[in-house]
Visitor: 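Please read through the structure below; I'll follow up with questions.
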Amino acid sequence: MSVSHALASGMGGIRTAGDLVARMQLRKMRLREAKEYVAGKLKVSVFDLADSTVMRELREELDIGVITAVPGCAKGLEAKARIAELLDVEINSVKRLFGKVGMTKGN
Amino acid sequence: MSEIQTRMGDGYTVSMTPDEVKADLVAGSEDAARRGKVPVLEESELEWLFDLFANPSRIMGVERGHEIVLTKDGSVNTLYSAQLSSGVGLPLSREQAFRVFERAFCFDTMEIGHPDYSFKPVKAIVALEATGVEQALHGTIIPVFYGAMPNFGLYARPDGPFPNPADLLPRGQIAEAREAQMEMAEMCRDDMVYVSKKMAAVGADGINFDTTASAGDAEFLATLQAVEELAGSTDLAIEVGMAAEMVLGFHGELDYDGKRLAGMWPHQQVKVVEKAGAHLFGPVVNTNTRRSTPWNVARATTFVKECSKVAEIPIHANVGMGVGGVPMYEIPPADVLTRASAAMVEIGRVDGL
């Protein structure tokens, strides 16, 4: 069932920019506003956000995590720290990481 | 086109003439409009739905550029749990299953949850649950929710400490039943807040209150009060997913923000959920197994369209087994599931599913 929804309607998660648009929805942005915000930060069109051909390359270039297992690309918290910077948002787990290692955002 | 192959609300295939499908679309929308006092679908929307069901392709989807964000209730139980969660029993840990959803199924967000999926049993093992969330947070990129149900019934005898309203009400002990529900609500709310704050402490992105108001208005009130406290004291994104299309009035005299909770429909529920401070709302519209899928999808999208229209927060409609126009069957057939999915986006105007 989950896969059927992903194919029929889903943005595509980290194949595309689905996780990034989701992060803005977690800040109460509705779909259009969230997509426009992310597209602006990524400097792509709203249409491109769910295009895996465009986003696969762009995610590697921005080093924010890619769908395939590429050695050296940002993973997990590394990727999320870069996403927080890119989208100019706080991510709870990244904030906690910086607190644990005695850093603040940007240091 | 002489016959259209679609399905009934129980999942079994049915052949209908084009006129029968059109009549069911109109009737489904009118049923929602009559019950919820919301507008019926417009002619162009009914035509779009007819084309959706008349198309002989097995799989349908939204127009490119109209893709939405996916959240999921029931967490990753689908992969490792048993039939009770429609689970397929894979020998995977929750953390492994989470990665499968991120990397293989391409979900935009995902949940960690306990197999029982209720806040009350989680309270005693919350350290284990928070550890599962931490591990998912360290290794994955998509937002991590913790999910569970308020599951109000667990607070009444024989499972809980309070008198059971379902025993008291048939005996005419209305006041006692109401008193018991208020005691249950207080303990349920405290459990939800306790568990959620533990998840906030480890850096979870969000909390999902799933199947909210399954036991009616007192459970809904407890959840709204928990949302209110968490919205004011944590950085959690809060999702409230409902149990049914209308809030049942087992108590009957409960208000939130001056609005009576019993009898609320999705477009009314979202306003009190917003007021409490939630970030996402998941409306439910129940499937009628004796009606066709065109009838159920038209009905569900009529309710949800109005909910999306009045909402200020993102709407993630429930489109799973037995809700959102999807047949009430353990393995929802992909042909009608993908049609319900696309319809909820294109006609229901949702922000996510």
Side-chain angles (χ1 to χ4, degrees), chain A residues 1-35 45-52 59 64-69 74-83 90-97 99-100, chain B residues 59-62 64-72 78 86 101-103 105-109 134 137-144 200-206 235-237 278-280 311-316 319-321 326 331-332 334 337-342 344-345 350-353:
Chain A
M1 184 160 64
S2 305
V3 175
S4 298
H5 280 307
L7 288 172
S9 310
M11 283 206 67
I14 60 170
R15 289 179 88 232
T16 62
D19 61 318
L20 309 181
V21 175
R23 289 213 175 271
M24 303 321 299
Q25 287 200 344
L26 301 192
R27 284 153 185 81
K28 300 188 180 182
M29 283 190 188
R30 299 211 57 181
L31 184 64
R32 177 181 288 187
E33 183 188 4
K35 283 185 171 181
S45 71
V46 167
F47 194 78
D48 286 339
L49 292 176
D51 186 331
S52 56
R59 289 192 76 112
I64 55 172
V66 295
I67 187 75
T68 44
K75 309 282 191 308
L77 276 169
E78 297 168 347
K80 285 190 283 194
R82 296 183 62 79
I83 288 168
E90 280 195 339
I91 294 178
N92 294 340
S93 55
V94 172
K95 194 166 63 176
R96 182 167 178 252
L97 169 70
K100 287 283 184 189
Chain B
I59 304 295
M60 300 297 283
V62 300
R64 275 191 70 188
H66 292 193
E67 298 87 352
I68 48 75
V69 170
L70 295 173
T71 49
K72 186 180 181 305
T78 308
S86 298
F101 268 100
E102 176 181 82
R103 300 211 156 252
F105 297 169
C106 302
F107 257 61
D108 305 304
T109 68
E134 269 185 326
L137 286 165
H138 284 186
T140 63
I141 299 169
I142 60 176
V144 178
V202 297
D205 292 294
D235 292 326
L236 289 168
H279 301 67
L280 302 163
E312 292 173 15
I313 58 175
I315 299 300
H316 282 212
V319 192
M321 178 177 65
V326 176
I331 312 167
L337 176 67
T338 57
R339 281 168 171 78
S341 187
M344 200 55 84
V345 176
V350 295
D351 306 274
L353 299 173

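Values in this document were obtained by computation on a predicted structure and should not be read as measured data. First the proteins, then the strands, lettered A, B, ... as listed; each starts at 1.
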Visitor: Under 4.5 Å from any heavy atom of chain A, what part of B/P332 do you find: side chain, backbone, both or neither?
Guide: side chain
Visitor: Do you see a donor-acceptor pair shorter than 3.5 Å between the side chains of A/Q25 and B/H279?
Guide: no
Visitor: Can you tell which part of A/R15 gets under 4.5 Å to a heavy atom of chain B, answering side chain, backbone, both or neither?
Guide: side chain
Visitor: Which one, B/G139, B/A200, B/P143, B/A342, leads in non-hydrogen pairs under 4.5 Å with chain A?
Guide: B/P143
Visitor: The criterion is salt bridge (Lys or Arg N to Asp or Glu O under 4.0 Å); which residues satisfy it with A/R59, sequence neighbours excluded?
Guide: A/D19
Visitor: Do side-chain atoms of A/K35 reach the backbone of B/G65 as a donor and acceptor pair under 3.5 angstrom?
Guide: yes
Visitor: Could you check if a side-chain atom of A/I83 sits within less than 4.5 angstrom of a side-chain atom of B/I141, using non-hydrogen atoms only?
Guide: yes
Visitor: When rounded to the nearest 0.5 angstrom, what distance separates CZ in A/R23 from CG in B/D108?
Guide: 11.5 Å
Visitor: Pick one of side chain, backbone, both or neither for B/L70, based on which atoms fall under 4.5 Å of a heavy atom in chain A.
Guide: side chain
Visitor: What part of B/L280 gets within 4.5 angstrom of chain A, counting heavy atoms only: side chain, backbone, both, or neither?
Guide: side chain
Visitor: Considering only NZ, NE, NH1 and NH2 on the basic side and carboxylate oxygens on the acidic side, decide whether A/R32 and B/D351 come within less than 4.0 Å.
Guide: no
Visitor: Is B/L353 close to chain A through its backbone or its side chain, or both, or neither, when contacts mean heavy atoms under 4.5 Å?
Guide: side chain
Visitor: By a 4.5 Å heavy-atom criterion (distance strictly below it), what part of B/A278 contacts chain A: side chain, backbone, both, or neither?
Guide: backbone
Visitor: Between A/R96 and B/E134, does any side-chain N to carboxylate O distance fall below 4.0 Å?
Guide: yes
Visitor: Can you tell me which portion of B/H66 sits under 4.5 Å from chain A's heavy atoms? Options are side chain, backbone, both or neither.
Guide: backbone
Visitor: Go through the atoms of B/V319 and report whether side chain, backbone, both or neither lie under 4.5 Å from a heavy atom of chain A.
Guide: both
Visitor: When heavy-atom pairs shorter than 4.5 Å are enumerated against chain B, which of A/R27, A/K75, A/E33, A/M29 gives the highest number?
Guide: A/M29
Visitor: Given a strict heavy-atom distance threshold of 4.5 Å, which part of B/T338 is in contact with chain A: side chain, backbone, both, or neither?
Guide: both
Visitor: Quick one: side chain to side chain donor-acceptor pair (under 3.5 Å) partners of B/S341, sequence neighbours excluded?
Guide: A/H5, A/S9
Visitor: For B/R339, is it the side chain, the backbone, both, or neither that has a heavy atom closer than 4.5 Å to a heavy atom of chain A?
Guide: neither
Visitor: If you count heavy-atom pairs under 4.5 Å between each of A/S4, A/A6, A/G12, A/A79 and chain B, which one has the most?
Guide: A/G12
